Amino acid sequence: MRFVLFSDLHLDAAFAWAPPAAAGRRRQALRDALRTVIRLADEVDADAILCGGDLYEHERFTPDTASFLRRTFAESDRRVIIAPGNHDWYGPHSLYARTSWSDNVEVFTDDALAPITLADGLTLWGAAHLGPASTEGFLDRGFHVDRGGVNLALFHGSERSGIVGEGEGTRPHAPFDGGQIPEAGLDHAFLGHFHRPKAAENHTYPGNPEPLTFGEDGDRGAVVIDVADDGTLTRRWERVAVSEVHDLTFDVSGSASRQDVREELESLVAGLGGCARVTLHGELPPEVELTERDLEGVAHGLDALVTRFADIRIAYDLDIIAEENTVRGQFVRDVRSSEDLDDDTRRRVILTGLRALAGRDDLEVS
Amino acid sequence: MRFEAIHAHAFGPLHGDSLELAPGFTVVHGPNEAGKSSWHAALYAGLCGRRRGPGISAADREFAARHRPWDGDSWEVGATIVLGDGRRIELRHDLDGKVDCAAVDLVLGRPVSDDIVFDGAIDGSRLLGLNRRSLLPTLCVRQADILGVLEDAGQLQEHLQRAASTAGADGSVEQAIQRIDTFRRDHVGIVRRGVTKPRQQAVVQMAAAESALQAAQEAHDDYLGLLAELDEAVKAAGSAERREAQLRAALHRRELTALESRLRRAEQLAVGAEQGPVRCAEQATLDTAAAAVAAYEHRPPEPARLEGPDAAELTAHLEDLPTSPDGDLEPAPEVEAAAAAFHRAQHALELHQAEPPTLRAEAVPEGVGPAELRRLADALDDEPPEVDAELALRIEELRAASTRGPSRPLTAAGIVVLIVGLATIVVGLSTVGALLAVLGLGVLVATVALARRRRPDPQELSRLEMRLAIQEERRRQASSRVDAARRRVSALGLPHAVAELRRVAAAAEEAPAVEARLEAWTLRAERLAQELAGACSALGGLLRQRGVRTNDDIGSLADALAEYRAACRRRSDQAQAAGRRTDLERQLVTRRAAEEAVRQDRDLRQRAAASVRVAAAAVGLDADGQEPDGLVVALRRWQDEQRQLTAAAQVQRENAAALAQLIDGTSIDELRAEVTRRRDALGPAGGGGRGDDVGLADENELERAEKQAQDAREAAATLRGRVADRARSTVSVAEAEEAHARAAIELARVERLDATLETTLALLERARDRVQRDIAPYLATAVSQRLPAVTSGRYREVMVDPGTLQVRVRRAANGRWRQAELLSHGTAEQVYLLLRLAMAECIVGSEPAPFILDDVTVQCDEQRTRTVLELLHTVSRDRQVVLFSQENDVRDWARDHLNASCDRLVTLDGPVSS
């Protein structure tokens with residue numbers, strides 16, 4: 001039996017980092033990615049498309065999203081099975097409950113694992129989040145399969161050992177331990193929630209198929225899964241993203257002017273599509289006036305360019321200035337010794353003060 | 001630090017040239033184009049080199065344009081400097097490639113490059129705590145500086161501010177503060193309605209974004225709510241439609257069922273109508289049989305036999321009973337109370353009379369009371385006290401001793417010895433005679449002394465005699481009282497015994513009480529006798545009222561009372577016997593009623609049995625020899641048969657009427673055809689819906705269901721329209737969140753900028769205040785030390801305002817303060833130069849730094865030039881001074897005044913060839 005597994009598409013997600021037009025294109029890319037998943041299922045002749053939750057975001061979905069999903073799934077000949085997650089939790093007002101799905105769509109609606117017989121000797125157990133938070137682990141309540149054959153699971157949950165790797169923002173929704181899967185009599189679990197892909201022995205996180213933010217590494221996408229009669233699996237990740245999000249760094253050291261920086265940055269992102277975030281670092285001469293706004297319009301081929309001044313050092317020799325018996329020297333000494341300022345504020349204040357003393361008008365420090 | 005030499009390896013027009021500089025005052029003189037500016041720049045570049053790094057400033061660009069060698073590839077310059085600690089440093093700068101640069105300690109032969117790098121290149125001014133940017137404004141005075149001060153006296157203060165702020169390399173802190181203020185006003189602004197500055201705009205945008213986000217979220221929630229409402233409405237419409245269909249089908253089914261039932265019933269009735277009519281008995285016969293059976297079934301049971309005396313016997317008992325007696329059946333309570341009172345009075349009198357009081361006491365003589373009698377007894381009983389015999393004997397002894405003289409034998413012996421001694425002296429034995437005479441005299445003296453010691457104390461004797469006299473007087477007085485008492489007792493005729501006298505006294509004391517007790521006893525006896533008489537009278541009266549004969553004496557009353565009590569007991573016994581009459585009369589009535597009931601029951605039973613026989617005969621049963629019970633059973637069986645026959649006849653009639661009504665003028669065949677048609681119309685599913693829950697639906701209910709279904713469909717359609725409208729107008733929550741995030745970022749940026757500017761301002765002002773507070777007094781002191789000398793005593797003191805660095809000088813003539821801006825040009829030049837020097841000293845610190853001046857006297861007249869040169873010459877005693885000048889007056893002054901040992905005049909003869 002062959003499945004195409006995906007999760008965490010997050011239709012209608014907000015992209016606070018992107019300009020309005022780019023954000024809209026990002027959301028469109030999410031929809032396009034879903035169409036790609038459907039096409040992938042056709043190409044590999046999958047028996048079913050499995051969604052591990054967070055297909056859309058309940059707090060943000062638009063009326064058009066419901067129509068889009070209903071039509072997209074209805075146009076497919078494949079069986080579509082969905083296990084709602086914490087962002088698309090199942091409830092009386094949820095899109096799942098409000099939409100007249102085509103017959104090929106099945107949605108798990110209970111927060112306890114329930115079986116769907118996919119074929120003789122092959123059962124898929126699934127469950128749904130019924131709220132945005134506080135969903136207990138589906139495997140924590142003494143669940144055990146009650147039948148033989150191959151037993152698979154589909155749900156949206158947090159494998160406890162992976163919570164740290166997902167960062168602080170990832171809360172442990174429906175947590176479980178990897179060892180609970182075989183203990184429950186399951187051969188494998190198809191999951192959603194973690195955006196970082198993972199191919200563990202007993203479970204699979206496909207990862208978010210379309211980029212949601214910068215810095216997403218790993219081969220994310222949809223997973224083509226073949227399940228043999230004895231329950232063994234083969235997995236193959238297929239890229240379904242329709243856009244790119246680049247996370248770049250740019251050393252400004254050596255740039256003698258704002259123009260230098262612009263030209264080098266333009267060269268860096270030339271040929272790239274989608275969105276890019278460029279983290280600028282390095283050392284600039286004091287006389288170079290540069291803010292994020294000075295870099296606007298550099299990337300012509302990108303939907304959005306986000307610049308970030310992470311560690312831009314201005315080449316003031318502050319140690320030497322601090323030795324001066326002048327107001328400037330005293331100012332630098334005072335700022336450096338101000339314990340109530342954090343490092344970033346201290347840096348901004350010093351640059352602002354030195355620029356003002358130098359008669360410069362670029363007093364806003366990025 | 002001082003320059004020893006400048007090495008222009010390749011610098012502007014200079015190639016391989018060196019310029020030696022004196023440790024004191026060096027004047028470099030030359031006309032225009034002689035190379036002064038090149039040497040001035042070479043001096044600067046030889047010390048500081050050029051910045052190395054990306055980018056190039058306008059100043060650097062101009063410097064390169066002016067001083068890059070006019071031919072050749074290299075651009076090199078160097079300097080040899082000597083520090084205050086004696087170190088000699090050789091500096092070499094590759095100004096073009098900026099690679100071949102070096103700084104070497106010539107004494108130690110070690111590179112010192114790493115210690116003096118600034119902006120990526122070796123900078124010798126670092127040895128002074130300066131850098132290539134601050135060196136020029138700190139140590140170099142240009143012609144333009146002097147001109148600026150002379151043309152605009154206010155520039156003096158500004159220059160000081162710039163120097164204090166940035167060593168003159170950049171602007172002043174005041175300008176910086178003003179710039180930040182302006183920037184903050186333009187790029188942040190205040191938060192107030194109507195303001196168009198960024199912060200207000202960011203706040204407005206943030207508020208708008210928050211409102212938009214909230215509106216979008218509420219619209220999303222509303223949309224979800226509308227979807228829920230629509231879902232409910234659709235469900236309600238579906239439910240109403242199902243209800244309508246169910247009702248409609250139920251009604252059709254019900255009609256079909258009814259029609260089928262009619263058909264079945266009509267077919268059944270038609271079959272029954274083909275049988276003959278049913279025959280049954282007459283109604284009168286049926287009634288007779290029913291009445292007989294009912295009477296027999298409801299006849300009374302066989303009466304039981306009556307127990308006890310019959311009515312006759314009870315009547316005889318009643319006639320034998322006595323009548324009720326008259327009088328008390330038991331002693332009346334008032335009689336018993338009077339009898340009790342009689343007995344209590346009788347008993348009280350007897351007890352009183354049994355305890356009479358004691359008789360009267362014996363008589364006491366007239367005129368004497370019990371107190372006197374007791375005193376007489378006490379007097380007779382008082383024995384006179386005895387006199388102490390030992391006391392008298394002691395007194396006698398003392399009296400005898402007082403009359404006794406010295407011991408006669410001893411006195412005689414003493415006299416004898418005295419005489420013998422005197423005699424012996426006379427005979428010539430003076431020594432022995434003297435001893436004897438002394439011995440005899442001693443004996444006499446001892447005898448007299450001894451006699452005096454044995455004589456009693458006269459006071460002791462007197463005291464004892466007084467005590468004896470007192471005792472004797474007491475005894476005499478006691479004896480006199482006893483005698484007087486005896487005489488009084490005798491006169492009263494009373495016994496002399498003390499005890500008898502005291503008894504008589506006690507009797508005299510008790511006599512009034514005895515009299516009182518006797519009187520009280522007598523009075524109580526009289527009262528008790530009266531009470532007894534009253535009780536006798538009351539009891540006797542009561543008894544006589546009840547017919548008992550008696551008078552009021554005690555003995556008669558006791559007998560009458562006993563007689564009364566016996567009569568009561570007799571009347572009680574009679575009354576008890578007479579009291580049974582009522583009970584016997586009630587028993588008699590009851591007995592007579594029971595005997596009548598038995599008679600009536602027997603009569604009813606007999607009549608019921610007779611009726612049964614009559615009815616049995618009427619219906620044709622053989623009653624002869626039959627017991628009534630058997631006849632009744634037969635009659636019941638007959639009645640059942642008749643009821644069945646009657647019911648069958650009724651059914652037969654009703655069926656005929658029902659059949660007529662069912663077919664209603666048609667035929668059974670036609671009814672059957674209608675059933676078939678309707679069944680076909682409903683179809684095999686029965687018209688949809690089981691309709692189990694519709695109950696007894698009717699047309700009205702169907703009409704209501706149709707109305708409800710229509711309303712529900714319209715409500716759902718309305719909601720669909722609203723949902724569609726809302727779907728078209730719904731704002732994307734994601735977009736609103738993104739707009740909110742952008743507004744938040746912008747507001748945070750502006751607020752962060754504001755906070756940064758505010759903090760910068762505060763720290764700049766604090767640094768300014770601190771530095772100027774330190775610099776101002778230093779400048780004042782430093783300039784004041786030199787001012788009198790350079791102004792020939794016209795000014796003696798300088799004051800610098802720490803807040804503004806404004807300078808004022810005090811005139812020596814009148815002691816008044818004068819603002820520096822108002823000084824003459826000559827004095828202003830002097831004060832300026834001194835302030836520059838002091839400022840340089842202040843900024844540089846302990847290492848003496850050279851003072852470099854470029855044509856600073858070009859605008860001075862001869863006198864002012866000389867004054868300036870003398871000032872610089874004076875200064876050069878403490879630090880190296882290098883003056884570049886094109887003026888011949890300066891050259892001439894140098895020739896005349898410079899000291900060859902420490903000063904030097906360098907003359908650049910003519911234009912430098914390229």
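Every chain is numbered from 1, with letters handed out A, B, ... down the list of sequences. Only a predicted model underlies this, so the values are computations on that prediction, with no experimental measurement involved.
- The minimum heavy-atom distance between A:Pro285 and B:Arg51, with the atom names listed, is CB-NH2, 3.5 Å.
- To the nearest 0.5 Å, the span separating CZ on B:Arg749 from OG on A:Ser366 amounts to 9.0 Å.
- The shortest non-hydrogen separation linking B:Phe183 to A:Glu364 is CZ-N, 3.6 Å.
- Contacts with chain A were tallied for B:Leu764, B:Val173, B:Ile180; B:Leu764 has the most, counting heavy-atom pairs under 4.5 Å.
- Among all heavy-atom pairs drawn from B:Ala734 and A:Ala14, the shortest one is O-CB, 3.7 Å.
- The neighbour count for B:Glu751 CD, taken as heavy atoms of other residues, nucleotides or ligands under 6.0 Å away, is above 12.
- Interface remark: of the candidates B:Gln175, B:Arg768, B:Arg742, B:Arg742 forms the most heavy-atom pairs closer than 4.5 Å to chain A.
- Here the shortest heavy-atom pairing between B:Glu738 and A:Ala13 reads OE2-O, 4.2 Å.
- In this structure, the portion of B:Arg752 lying under 4.5 Å from any heavy atom of chain A is its side chain and not its backbone.
- If you measure heavy-atom distances from B:Val188 to chain A, you find no contacts under 4.5 Å at all.
- When A:Arg60, A:Glu324, A:Gln330 are compared by the number of non-hydrogen pairs under 4.5 Å with chain B, A:Arg60 comes out ahead.
- The residue among A:Glu57, A:His58, A:Arg98 with the most heavy atom pairs within less than 4.5 Å of chain B is A:Arg98.
- Looking at A:Ser338, the atoms closer than 4.5 Å to chain B (heavy atoms on both sides) all sit in the side chain, from C-beta outward.
- At a 4.5 Å heavy-atom cutoff, the contact between A:Ala18 and chain B is made by backbone atoms alone.
- Looking at B:Asp119, only its side chain comes within 4.5 Å of chain A, counting heavy atoms on both sides.
- Here the CZ-CG distance, from B:Arg126 to A:Asp317, works out to 7.0 Å after rounding to the nearest 0.5 Å.
- One distance of note links NE2 of B:His187 with CG of A:Leu363; it measures 8.0 Å at 0.5 Å rounding.
- Neither the backbone nor the side chain of B:Thr182 comes within less than 4.5 Å of any heavy atom in chain A.
- In the displayed structure, A:Arg333 atom CZ is contacted under 6.0 Å by more than 12 heavy atoms of other residues, nucleotides or ligands.
- Heavy-atom distances place both the backbone and the side chain of B:Asp231 under 4.5 Å from chain A.
- Ranked by heavy-atom pairs shorter than 4.5 Å toward chain B, the options A:Ile320, A:Ile350, A:Thr62 are led by A:Ile320.
- Within the 4.5 angstrom heavy-atom criterion, atoms from both the backbone and the side chain of A:Phe61 approach chain B.
- Atom CE in B:Met839 sits 10.5 Å away from atom OG1 in A:Thr326 (nearest 0.5 Å).
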Q) What's the verdict on side-chain contact (heavy atoms from CB on, under 4.5 Å) for A:Trp17 and B:Ile745, showing C-alpha distance, side-chain angles and the deciding distance? A) CA-CA 10 Å; A:Trp17 49 266; B:Ile745 290 171; over 6 Å; no
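- To the nearest 0.5 Å, atom CZ of residue A:Phe331 and atom CG of residue B:Leu763 are 6.0 Å apart.
- The contact between B:Glu737 and chain A is made entirely by side chain atoms (from C-beta outward), counting heavy-atom distances below 4.5 Å.
- Proximity to chain B is absent for every atom of A:Pro92, based on heavy atoms less than 4.5 angstrom apart.
- Across all their heavy atoms, A:Arg328 and B:Thr166 have their closest contact at NH2-O, 3.5 Å.
- Contact of A:Thr345 with chain B is not made at all, since no heavy-atom distance falls under 4.5 Å.
- A pairwise comparison of heavy atoms in B:Thr759 and A:Leu341 identifies CG2-CD2, 3.9 Å as the closest pair.
- Side-chain contact between B:Arg179 and A:Asp361: present, with at least one pair of heavy atoms (C-beta onward) separated by less than 4.5 Å.
- When the candidates A:Arg348, A:Arg355, A:Glu59 are compared by the number of heavy-atom contacts under 4.5 Å with chain B, A:Arg348 comes out ahead.
- Heavy atoms of B:Ala736 lying under 4.5 Å from chain A are absent altogether.
- Remark: A:Leu357 CG to B:Arg162 CZ distance equals 11.5 Å, nearest 0.5 Å.
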